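For reference, positions follow the sequence shown, starting with 1. From a predicted model like this one, the values you see are computed outputs, not experimental measurements.
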Amino acid sequence: MADPTPKTPEPAPVDSGTKGSCPRCGAGTLFSGPIKFADRCSECGLDFTQFNVGDGPVVFLTLGIGTLVTILAIVVELGFSPPFWVHAVLWIPLTLILVLVTLRFAKGLLLALEYRNKAVEGRIAHDE
């Protein structure tokens, strides 16, 4: 197994999103598919399965992109008053494309932030 301590400084969390780099060593091993995380880093051995980004990236993207598309749709409606089908043809594909294009970045960023902040699942401590 590889040495768990990084020989280079940890990359910025944004690099994990943009480059798909390991949040510990910076090697481009975070993803094994277009949006699927690898099980572990082949360079430093960091276990990516211990992190749970869950639906967080999709929720953030849906809220952010949904707000942007809604504002654009209102501007187009008030400025041009197109028929409904024009809105459907414009905004549905735009929303899907924006979410799919930014999903890899959002997942990488969220995993790197979990790593950097040592985030763990919340637990209630019971005094015994």
Side-chain angles (χ1 to χ4, degrees):
M1 183 173 187
D3 183 20
T5 57
K7 293 174 180 49
T8 59
E10 292 178 350
V14 172
D15 288 340
S16 292
T18 55
K19 300 174 186 173
S21 59
C22 171
R24 181 191 290 165
C25 70
T29 59
L30 186 59
F31 294 98
S32 65
I35 58 172
K36 183 181 185 302
F37 289 121
D39 290 334
R40 65 180 50 252
C41 177
S42 59
E43 297 293 320
C44 69
L46 178 63
D47 182 14
F48 299 137
T49 60
Q50 68 181 336
F51 302 102
N52 181 14
V53 298
D55 293 334
V58 176
V59 170
F60 292 132
L61 291 175
T62 301
L63 292 172
I65 292 170
T67 300
L68 175 68
V69 169
T70 301
I71 291 168
L72 291 173
I74 291 170
V75 168
V76 168
E77 178 62 31
L78 295 176
F80 304 105
S81 299
F84 176 76
W85 65 268
V86 172
H87 284 291
V89 168
L90 284 174
W91 310 122
I92 294 172
L94 179 66
T95 302
L96 290 173
I97 290 168
L98 287 174
V99 168
L100 293 175
V101 166
T102 56
L103 185 57
R104 181 179 169 110
F105 169 78
K107 287 181 74 168
L109 176 65
L110 204 55
L111 185 137
L113 289 171
E114 279 189 23
Y115 171 78
R116 170 137 321 156
N117 295 309
K118 298 174 179 52
V120 294
E121 186 176 332
R123 290 179 177 77
I124 297 174
H126 296 286
D127 294 331
E128 294 182 25

Please report the closest heavy-atom contact between [X] and [Y], naming both atoms and the distance.
X	Y	result
Ala106	Pro57	CB-CB, 3.8 Å
Gly108	Ser16	O-CB, 3.6 Å
Gly45	Arg40	O-NH1, 2.9 Å
Leu63	Thr67	O-OG1, 2.7 Å
Phe60	Leu110	CE1-CD1, 4.3 Å
Pro13	Arg116	CD-NH1, 3.2 Å

Measuring from atom [atom1] of [X] to atom [atom2] of [Y], what distance do you get when rounded to the nearest 0.5 angstrom?
X	Y	atom1	atom2	answer
Leu96	Ile65	CG	CD1	10.0 Å
Leu46	Phe51	CG	CZ	5.0 Å
Leu30	Leu109	CG	CG	11.0 Å
Leu68	Leu94	CG	CG	7.5 Å
Leu100	Ile35	CG	CD1	7.5 Å

* Asked: Which residues pass the ring-ring contact (aromatic ring centres under 6.0 Å, His included) test with Phe48, sequence neighbours left out?
  ->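 Applying ring-ring contact (aromatic ring centres under 6.0 Å, His included) to Phe48 gives none.
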* Asked: Can you name the residues that form a ring-ring contact (aromatic ring centres under 6.0 Å, His included) with Phe37, not counting sequence neighbours?
  ->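 Result, ring-ring contact (aromatic ring centres under 6.0 Å, His included) vs Phe37: Phe31.
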* Asked: Does Thr49 have any side chain to side chain contact (heavy atoms under 4.5 Å, CB included) partners at least two apart in sequence or in another chain, and if so, which?
  -> Asp39, Asp47
* **Where at least one partner belongs to residues 100-111, residue pairs that pass side chain to side chain donor-acceptor pair (under 3.5 Å), sequence neighbours excluded** => none
* **Residue pairs involving residues 51-60 (criterion side chain to side chain donor-acceptor pair (under 3.5 Å); sequence neighbours excluded)** =>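 Those involving residues 51-60 do not exist here.
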* Is it the case that one hydrophobic cluster holds both Val99 and Leu72, taking links as side-chain heavy atoms less than 4.5 Å apart, direct or via other members? -> yes
* To do: Report yes or no: do Leu61 and Val69 belong to one cluster of Ile/Leu/Val/Met/Phe/Trp/Tyr joined by side chain heavy-atom distances under 4.5 Å?
  =>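 Looking at the clustering, Val69 is in the same group as Leu61.
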Side chains of residues 81-90: which donor-acceptor pairs under 3.5 Å do they make with residues two or more places apart or in other chains?
from, atom 1, to, atom 2, distance (Å)
Ser81, OG, Glu77, O, 3.3
His87, ND1, Trp91, NE1, 2.9
His87, NE2, Glu77, OE1, 2.7

